[in-house]
Amino acid sequence: MAILALVDCNSFYASCEQVFRPDLLGRAVVVLSNNDGCVVARSREAKALGIAMGEPWFQVRLRLDGARPVSALSSNYALYADMSNRVMRLLARFAPRQEVYSIDECFLDLTGLADPSAIAHGIRATVPRWTGLPVCVGLGPTKTLAKLANRLAKQDADGDGVCDLATLSEVDLDRRLAEIPVGDIWGVGPRIAARLTALGVTTALALKQADSAWLRTHFSVVLARTALELRGVPCLDVEDVTPDKQQIQCSRSFGMPVTTFETLGEAVTTYVARAAEKLRAQQSEAGMVSVMIRTNLFRSDEPQYSNSLVLPLREPAADTRRLARTARHGLRRLYRPGFRYAKAGVALLALSPAGERQGDLFGDPGRRDRGERLMAVMDRINRSYGRGTLVLGGAGLNKPWAMRQSIRSPHYTTRWDELAVVRC
DNA sequence: TCTGGGGTCCTAGGACCC
DNA sequence: TCTGGGGTCCTAGGACCC
């Protein structure tokens, strides 16, 4: 039998902030989404105040009305990404195979190892000691059960942070599954949970026992697989090599309403540049570019406009200038004056490995090579001296439309001039 | 005044082919 | 009265995840 571990950092973003701000330990801490919009991470104390995941921060403030102190921070992705790398590198030591599933969690394949439970406890003890970040570990014979075990480990406040569903007898496992709402299962979202519940499938146990063919006809093969995984039949592999992205997006809400074509163009150019960096980092080229703009959907008192467009390229490209030119063509067709725009975004689609392209009969290969060398130099400079050191002129310089991050912590671990200072 | 961003997979239906 | 059968590819939309 396979034994998989799911290791997940507790309140990851909030915990990262607390590592460098020990004064925030034991306090209600929330981390906000881009533009300081919504709550995306909460310390245990913040959860206890009833602050919901995804709740708009201005509503939280209105509701709590200053009666309870809450420390809010803008998100600091440079910090979280760096801390994530530390955790993942450390966790890789515990198993021959690791799948990094998200910024704060990974699967480890412990199949065949001597004492998985002891390893789980070792992880639970070692990660906070080495990185300052608390983790919980779930063990199970399939990914879905390991996920579930992790959830149970986190829910059990008095537990030791490890939950092992792999060594449970069938009877004991079913007893636990009977107490878990079906919506708590990985892969069962709110829509499907509501439909399942209406049909009488309300618990994890009921889903496990549901007929496979019935699930396929009334729902999909995805849900049928989830049910099989609950039965201990692995349907999802641990993928230890990260596949290349099939699409790369970059979109942001503006820090202030934007009305002019020129300003939207600056934003779109900026986002294309960011997406194209990621594209070149995985050595791909894009065959299509999509552009999207929209007004503020929450303003019922303002005229609304939302539109997007997909533009094919004559020949796949990874050159920021070419992609930006195409995106601006798209923007020109999308733009309508007289609206207050709140958000723009671009996506690079139809990605293929660089160098496998079909040539353009009318293209200029020499020009193309020069472009590739220029992009390589640009990426190198921006890697060495920081993102945004070398940019296209069309991206704008002041960027008054850029997102708000009024309460961002320093880049403690990734910038020399912002290093954390420890006084002993 | 204030409401995030970036992904994946599956399915149904239409276009098209022989 | 009666109007084939089987297949592929693409896309939009819906659902999910963190």
query = Donor-acceptor pair, R336(A) side chain versus R333(A) backbone, under 3.5 Å?
reply = yes
inquiry  = Please determine whether a side-chain nitrogen of the Lys or Arg among R97(A) and D240(A) lies less than 4.0 Å from a carboxylate oxygen of the Asp or Glu.
reply    = yes
query = Going by heavy atoms closer than 4.0 Å, what residues in residues 206-243 of chain A are next to DNA chain C?
reply = none
task = Decide if atom CG of L62(A) counts as having more than 12 heavy atoms of other residues, nucleotides or ligands within a radius under 6.0 Å.
result = yes
inquiry  = Over 60° means perpendicular and under 30° means parallel, so tell me whether Y412(A) and F20(A) are parallel, tilted or perpendicular.
reply    = parallel
key: Neighbour count above 12 (heavy atom, 6.0 Å) for R63(A) CZ   = yes
task = Walk along DNA chain C from 5' to 3' and tell me the first and last nucleotide with an atom closer than 4.0 Å to a non-hydrogen atom of chain A.
result = dA15(C) to dC18(C)
inquiry  = Using a strict threshold of under 4.0 Å (side-chain N to carboxylate O), is an ion pair present between R408(A) and E418(A)?
reply    = yes
task = Could you tell me whether K143(A) and E229(A) have a side-chain N and a carboxylate O separated by less than 4.0 Å?
result = no
task = Measure the acute angle between the ring planes of W186(A) and Y101(A), then classify it against the limits of 30° and 60° as parallel, tilted or perpendicular.
result = perpendicular
request  = Please confirm whether the backbone N or O of Y77(A) pairs with a side-chain atom of S75(A), one donor and one acceptor, at under 3.5 Å?
outcome  = no
ask   = Base, sugar-phosphate, or nothing: which does I192(A) touch, judged by heavy atoms less than 4.0 Å apart?
value = sugar-phosphate
task = Could you tell me whether the side chain of D8(A) reaches within less than 4.5 Å of the side chain of V135(A), counting heavy atoms only?
result = no
inquiry  = Does any part of the side chain of T126(A), heavy atoms only, come nearer than 4.5 Å to the side chain of F94(A), both counted from C-beta?
reply    = yes
key: C1' gap between dC17(B) and dG4(C), integer Å   = 14 Å
query = Does R328(A) pair with E262(A) as a salt bridge, N-O distance under 4.0 Å?
reply = yes
Ion pair check, D160(A) and R124(A), cut-off under 4.0 Å = no
query = Which ones in residues 55-88 of chain A lie close to DNA chain C, meaning a heavy atom under 4.0 Å from one of its atoms?
reply = none
query = Does anything in residues 182-191 of chain A pair up under salt bridge (Lys or Arg N to Asp or Glu O under 4.0 Å), and if so which pairs, sequence neighbours excluded?
reply = R151(A)-D184(A)
message = Please classify the nucleic acid contact of D104(A) as base, sugar-phosphate, or nothing, using heavy-atom distances under 4.0 Å.
response = sugar-phosphate
task = Just call it for N35(A): base, sugar-phosphate, or nothing, with non-hydrogen atoms closer than 4.0 Å on any strand.
result = nothing
task = State plainly whether the residues R86(A) and D82(A) are in salt-bridge range, i.e. N to O under 4.0 Å.
result = yes
remark   = The correct set of residues in residues 181-188 of chain A placing a heavy atom under 4.0 Å from DNA chain C is I185(A), W186(A), G187(A), V188(A)
task = Answer yes or no: is there a donor N or O on one side and an acceptor on the other, between the side chain of S33(A) and the main chain of C38(A), under 3.5 Å?
result = yes
ask   = If you look at every strand shown and take non-hydrogen atoms under 4.0 Å, does I248(A) touch a base, only sugar-phosphate, or nothing?
value = sugar-phosphate
query = Does N296(A) or S251(A) map to a spot on DNA chain B nearer the 5' end, using the closest nucleotide for each?
reply = N296(A)
Pairwise 5' ranking along DNA chain B for K278(A) and V40(A), keeping only the more 5' one = V40(A)
request  = Identify all stems in which DNA chain B takes part, counting only runs of at least 3 consecutive pairs (Watson-Crick or G-U wobble, each distance under 3.5 Å), and give each as one range with another, ordered by first number.
outcome  = B:5-18 with C:5-18
